[in-house]
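What follows is one structure encoded as structure tokens, with my remarks underneath.
In what follows, chains are A, B, ... by sequence order, proteins preceding strands, each numbered from 1.
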2 protein chains.
Amino acid sequence: MRALAMPQDGSGAPRFSHVACGDCPIRERAVCAYCDGDALDALSAIKTYREYPAGRDILAAGEVSPMVGSIVRGVVKLTKSLPDGRAQMVGLLFPGDFVGHPGRAEAAYDATAATEVQLCLFQRQPFETLLRETPQLEKRLLDMTLTELDAAREWLLLLGRKTARERIATFLMALAGRARRAAPAGLPDGAPFCFPLPLTRGEMAEYLGLTIETVSRHMTRLRAEGVLAFSDARSVSVPDLAALAAEAGD
Amino acid sequence: MRALAMPQDGSGAPRFSHVACGDCPIRERAVCAYCDGDALDALSAIKTYREYPAGRDILAAGEVSPMVGSIVRGVVKLTKSLPDGRAQMVGLLFPGDFVGHPGRAEAAYDATAATEVQLCLFQRQPFETLLRETPQLEKRLLDMTLTELDAAREWLLLLGRKTARERIATFLMALAGRARRAAPAGLPDGAPFCFPLPLTRGEMAEYLGLTIETVSRHMTRLRAEGVLAFSDARSVSVPDLAALAAEAGD
DNA sequence: CGGCGAGTTGATGTATGTCAAACAGCGTGG
DNA sequence: CCACGCTGTTTGACATACATCAACTCGCCG
């Protein structure tokens, strides 16, 4: 599916490695964010880590998965397809985001690793039990789901009304915002801003409701106009965030 | 906004009428579905009914609303807009559905009555307190939010990849399904199926990411082809549900 | 009767999709 | 070391579904 410098052992081999929750990089953002003490211990007791190489399917639509979990590292894409093959990405998940719907075993969409991914997995059944007994956990999950819902609706506006150029600018702004938040240092606001693209052109097209050619054309046009800079297709630099924001349509 | 045979008193005047929860038409479907006894009493104590004429704004994006609530009767549309006026409906809510996000006071989108609407409202603060103390309530809200999220993602596929014809067929199928579920009697599966359209052509266009002309044209074409029948623009009859389903693309 | 809003229909434009070719990077294997 | 193939990207020529602009109808209500 994707040629990467990584062990293509064909197994999706689980690599167990128990990290203490206290040292977890997503401790503050994941489902467990509101938990501590006993609740955290209980979660910790049923967690398991697993890694997926880029391109590997994590979960297929219609499949019954025994697991749910949090993204520790990497990017996961959620995709829905029509029987004739047309496909639309319906979500893009980053570290801290939750994969799987508690309460509904059958997956409604495909989940695929867009980059190399590490998940912190919980078996569905004990997790759902814990959910019932742990209000903070349920509260956090509700909060996260509402955030996802808002994001999905923002995307409805994008897919329903924005031009190709606006869609691309919006997407890049979202990535820039994420990169900005991830960068701890207080960089000057106007400085040229650089970040990697976790998606190929094809995946961007799938996310933005466009074709690969349209994405490519608008990317090169944005570069020609100086709104964007990149040499590698997989990373961009934004000379002026405000200029890009102005292209996003809102 | 919409000329209707109804008191345009300009007040959105609250009309209080305490219905016992036991007699409530949405008792089984609303947030309160999993509640009983004390929890239901507590909810009942803070509820209030309010009616909105078709076309009335219930809540404007960015506005801070002191209320959340359930739809008792009628249809509510959720809309997001770009600064230049382009607008996209991001949700269509029916009786039982919940309006407003607990935990975030500021509305992320406009909510407007598409038909005459009756809401069962709760003041945000006491409701959120109750939410914290009542696991069934929180559980139900999580379930409903996950359902909304799935619906939104289904719509992403529609807006991102479906043709105008497929979008319209999908929408009509969804309405037909809802009407079917609402009709208690076991009608024969193949019978011509009739239901009202809660939306104008313009609103359908807003929901489907199209223009009013495109919706109109495809509706009349579907009628010409016998997939659909209607005399009034505000109601349709489907001679063969399977034929319509085949047009929906999935 | 006149005006208004919703819907329909027609003529025309255009952004994006489709098909096709060429290129660049990168690992593999002779 | 270079030729090869694979995948991702870019670029071009062309097709088309949908948007846009505009006119007209119909029902409703004052």
Original post:
Going by heavy atoms closer than 4.0 Å, what residues in residues 157-172 of chain A are next to DNA chain D?
Top reply: none
**OP:** Measure the angle between the two terminal helix axes of the helix from C:dC1-D:dG30 to C:dG30-D:dC1, five base pairs each, and quote it to 10°.
**Re:** 20°
Original post:
What residues, two or more places apart in sequence or in another chain, satisfy ring pair (Phe, Tyr, Trp, His ring centres under 6.0 Å) together with B:F195?
Top reply: none
**OP:** Please name all residues satisfying salt bridge (Lys or Arg N to Asp or Glu O under 4.0 Å) with A:E106, sequence neighbours left out, ordered by chain then number.
**Re:** none
Subject >> Residues which pass salt bridge (Lys or Arg N to Asp or Glu O under 4.0 Å) with A:D110, listed by chain and number, not counting sequence neighbours >> reply: none
**OP:** Would you please name every residue forming a salt bridge (Lys or Arg N to Asp or Glu O under 4.0 Å) with A:E63, sequence neighbours left out?
**Re:** none
Side-chain donor-acceptor pairs of residues 243-250 of chain B under 3.5 Å, sequence neighbours excluded:
unit_1, atom_1, unit_2, atom_2, d
B:E247, OE1, B:R165, NE, 2.7
B:E247, OE1, B:R165, NH2, 3.4
B:E247, OE2, B:R165, NH2, 3.2
B:D250, OD1, B:K162, NZ, 3.4

**OP:** Starting from C1' on C:dG7, measure out to CG on B:D232 and report it in whole angstrom.
**Re:** 11 Å
**OP:** Taking salt bridge (Lys or Arg N to Asp or Glu O under 4.0 Å) as the test, write out the residues that go with A:R201, two or more places apart.
**Re:** none
Subject >> Those residues of residues 213-225 of chain B lying under 4.0 Å from DNA chain C by at least one heavy atom >> reply: B:E213, B:S216, B:R217, B:T220
Original post:
Which pairs, with at least one residue in residues 206-226 of chain A and sequence neighbours excluded, count as a ring pair (Phe, Tyr, Trp, His ring centres under 6.0 Å)?
Top reply: A:W155-A:Y207, A:F171-A:Y207
Original post:
Can you name the ring pair (Phe, Tyr, Trp, His ring centres under 6.0 Å) partners of A:F94, sequence neighbours left out?
Top reply: none
Original post:
Atom CD of B:E203 and atom C1' of C:dG5: how far apart are they, to the nearest Å?
Top reply: 13 Å
**OP:** Please list all pairs passing the side chain to side chain donor-acceptor pair (under 3.5 Å) test where one or both residues lie in residues 84-94 of chain B, with sequence neighbours left out.
**Re:** A:R161-B:Q88, A:E166-B:R86, B:D84-B:R86
Original post:
Taking the side chain as C-beta and beyond, is there a heavy-atom pair between A:I168 and A:R221 under 4.5 Å?
Top reply: no
